[in-house]
Enquirer: 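I'd like to ask you about the structure that follows.
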Amino acid sequence: MPKLTNQEIAGIFARVADMLEIKGESIHRVLAYRRASETIAELPRDLSAVCEENKLTDLPHIGQTLAEKIEELLTTGELTFYKRLAAEVPPGVVDMLAISGMGPKRAALFWKELGLTGVGELEKAAQEGRLRTLPGMGAKSEAKILEGIQALARRTDRLPLDRALPAAMQILERLMMLPETLQGDVAGSLRRRRDTIGDIDILVTSQMPAPIMEAFNNLPEVARLLVSGDTKSSVELHTGQQVDLRILPPERYGTLLSYFTGSKEHNVRLRELALKKGLSLSENAFTVVETAEEILCATEEAVYNRLGLPWIPPELRENRGEIEAAQEGSLPDLIEMGDIRGDLQMHTTWSDGKASVIDMAQAALTLGREYILITDHSYGLGIVQGLKPDDIARQRAEIDGANEKLHGQIIILQGIEVEIKADGSLDFDDDILAQFDIVLASMHTGLQQPREQVTARLIQAIRHPRVSIIGHPRGRLIPDREPAALDMDVVLSEAAHHDVAMEINANPRRLDLNDHYARRAVELGVKLAISTDAHSPEQLSMMHYGVSTARRGWIEAKHVINTWPRDKLLTWAKEREI
DNA sequence: GCCGTTTTCGGCCCGACTGTTTTCAGTCG
């Protein structure tokens, strides 16, 4: 029997939390399960490995009770406690929680008073006007729930960064043009640069919020108004995306920005710190608990300083140790765009790229790169026209010519994205690979292989003496394709041992490694490369997505090989060949 | 159910908005 994955166990705990909440259990017990679920979902290692080491209770929000439940799940694949709850609370009632406007209280009410046990039955009851007969319910609430059910049917999943960011910036820019607007930012998970975005949060300061609210609610992108008050408005765009706007006067901007940048877990920690200093923290201000006197913060620095902390970069605000690091003065010196000297994966017309070598080089030059590595596909990847062995010398000649034309303003290196075949062997022989300056190896097919097989396959590539970098190691695509079932701790340990760099692919549909595994990689001593994998000159500017992902993984410039000068990079690639 | 510079018990974040209320409960972020 295959062991349950972290995601499956996290899902079970999240569902337990929902069921307990519907039952009316203590909210703190509910939150305990929910927090444990988040811990497990975010864990960059296999829970079974942690379990074998007997270290489950070392994990945040996992105590003795939950550790035993995890052990039961890992050994038997089932959880008695879960089965007992599921027999009590019908699964369809839990599903009702996904409906906007529905919470545990209402789900329990409809279930117990009307006997409704699923979203379908709920919809029918709402259409028949039966919900409004219940205490605390009315025609409007009923209509809202009906609307929520319809919204659920057309719900859009979380947006990839490259769709959310331009959409948010366009709205922000319109609001910034209004004379009443003083400052503005995109906040929320977008400011933290998570790999996918749920709702878009936009913050603005003004002394006259009403005209800004009005303009926002009437933007052409807006399909319907969800909520509108004095300081807050929520709308749904035609794309189905929800956008929230908050407006406060500028003297309160620090607390507002900090609050709505989140994450929720980071905010909880900040509030706890505030309470220890006798302060209550909200989006509006600090409030002295004893006197009710307000302390306003116009900047985020002021908020953090009031708590005795240095400012914490938004990408770190996930409650993954950043508060403790800030207290100790040991926050990482995060990598920045300015640290990036080169780009180590891109494609040209020699394979499936849209532009020539020199066009890519010139575009990279305008972005300030000092060197680039051209990494066309090897021909074995059937779906694209790849580089054949007898193309290599001709491509080298073209690269030499382009280097000459560019007079050393930027240096073009010849690399290859060699295919890791299903059996773990490479598409090119050693003597062919020896012709390239740096070899990048990637998997594009057979990503659904069983865990043991795909892990062994990637390890075989890592052990290959000519391979310096592994491209997009897990092979995920946002939002369509799940990553390969790799045992990443084994893979990363092997990469550390053989000094092979792992890529953070900066394409916003990949971001692979992601933040968790990038951090784990560096913990294990693995070097990283951040590359755009550009297939056109425009895509070379996607580098910032990769840098943001690295920052979320606590990565510093010293961990990333394309922050090095070219000579150091080439020496490393040469020396690590056996 | 977790957690601890309030440490083995007693806490556990806070405010806006909406609808159904006449002072508040539920949901959301």
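In what follows, chains carry the letters A, B, and so on, assigned in the order in which the sequence lines appear, proteins first and then strands, with residues in each chain numbered from 1.
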Enquirer: Not counting sequence neighbours, which residues clear side-chain hydrogen bond (donor to acceptor under 3.5 Å, both in side chains) with A:R317? List them please.
Expert: A:E300, A:Y304
Enquirer: If you pin A:S26 and A:L31 to their nearest nucleotides in DNA chain B, which one's is more 5'?
Expert: A:S26
Enquirer: Who passes side-chain hydrogen bond (donor to acceptor under 3.5 Å, both in side chains) against A:E315, sequence neighbours left out?
Expert: A:R551
Enquirer: Whole angstroms only, please: what is the CD1-C1' distance between A:I27 and B:dT27?
Expert: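 Rounding to the nearest Å, CD1 of A:I27 and C1' of B:dT27 are 12 Å apart.
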Enquirer: Considering only the P atoms, how many Å lie between B:dA25 and B:dT20, rounded to the nearest integer?
Expert: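 To the nearest whole Å, 16 Å.
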Enquirer: Please name the nucleotide paired to B:dT8 by Watson-Crick or G-U wobble geometry with both distances under 3.5 Å, or report none.
Expert: none
Enquirer: Which pairs would a plain distance check flag for residues 90-106 of chain A, meaning a side-chain donor or acceptor within less than 3.5 Å of a matching protein atom at least two apart in sequence or in another chain?
Expert:
unit_1: A:D95; atom_1: OD1; unit_2: A:R15; atom_2: NH1; d: 3.3
unit_1: A:D95; atom_1: OD1; unit_2: A:R15; atom_2: NH2; d: 3.2
unit_1: A:R106; atom_1: NH1; unit_2: A:G101; atom_2: O; d: 3.1

Enquirer: Could you please spell out the steps behind the salt bridge (Lys or Arg N to Asp or Glu O under 4.0 Å) verdict for A:D195 and A:R476?
Expert: CA-CA 12 Å; A:D195 51 11; A:R476 74 158 174 179; 3.0 Å; yes
Enquirer: How would nucleotides 15-22 of chain B be written as a contact map, 5' to 3', with B for base contact, S for sugar-phosphate-only contact and - for no contact, using protein heavy atoms under 4.0 Å?
Expert: SSSSSS--
Enquirer: Using the P atom in both, what is the distance from B:dC28 to B:dT23, to the nearest Å?
Expert: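 To the nearest whole Å, 26 Å.
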Enquirer: Nearest-Å distance, CG (A:D18) to P (B:dC28)?
Expert: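 Rounded to the whole Å, the gap is 12 Å.
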Enquirer: Measuring to OP1 and OP2 of B:dC14, would you say a side-chain N or O of A:K264 lies under 4.0 angstrom away?
Expert: no
Enquirer: Do any pairs count as a side chain to side chain donor-acceptor pair (under 3.5 Å) and have a residue in residues 113-126 of chain A, sequence neighbours left out, and if so which ones?
Expert: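 Non-adjacent pairs meeting side chain to side chain donor-acceptor pair (under 3.5 Å): A:T117-A:E121, A:K124-A:E128.
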Enquirer: Kindly say if A:T65 contacts the phosphate of B:dC2, meaning a side-chain N or O under 4.0 Å from OP1 or OP2.
Expert: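 Yes, such a contact exists.
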Enquirer: In chain order, what residues pass the side-chain hydrogen bond (donor to acceptor under 3.5 Å, both in side chains) check against A:E25, with sequence neighbours excluded?
Expert: A:R29
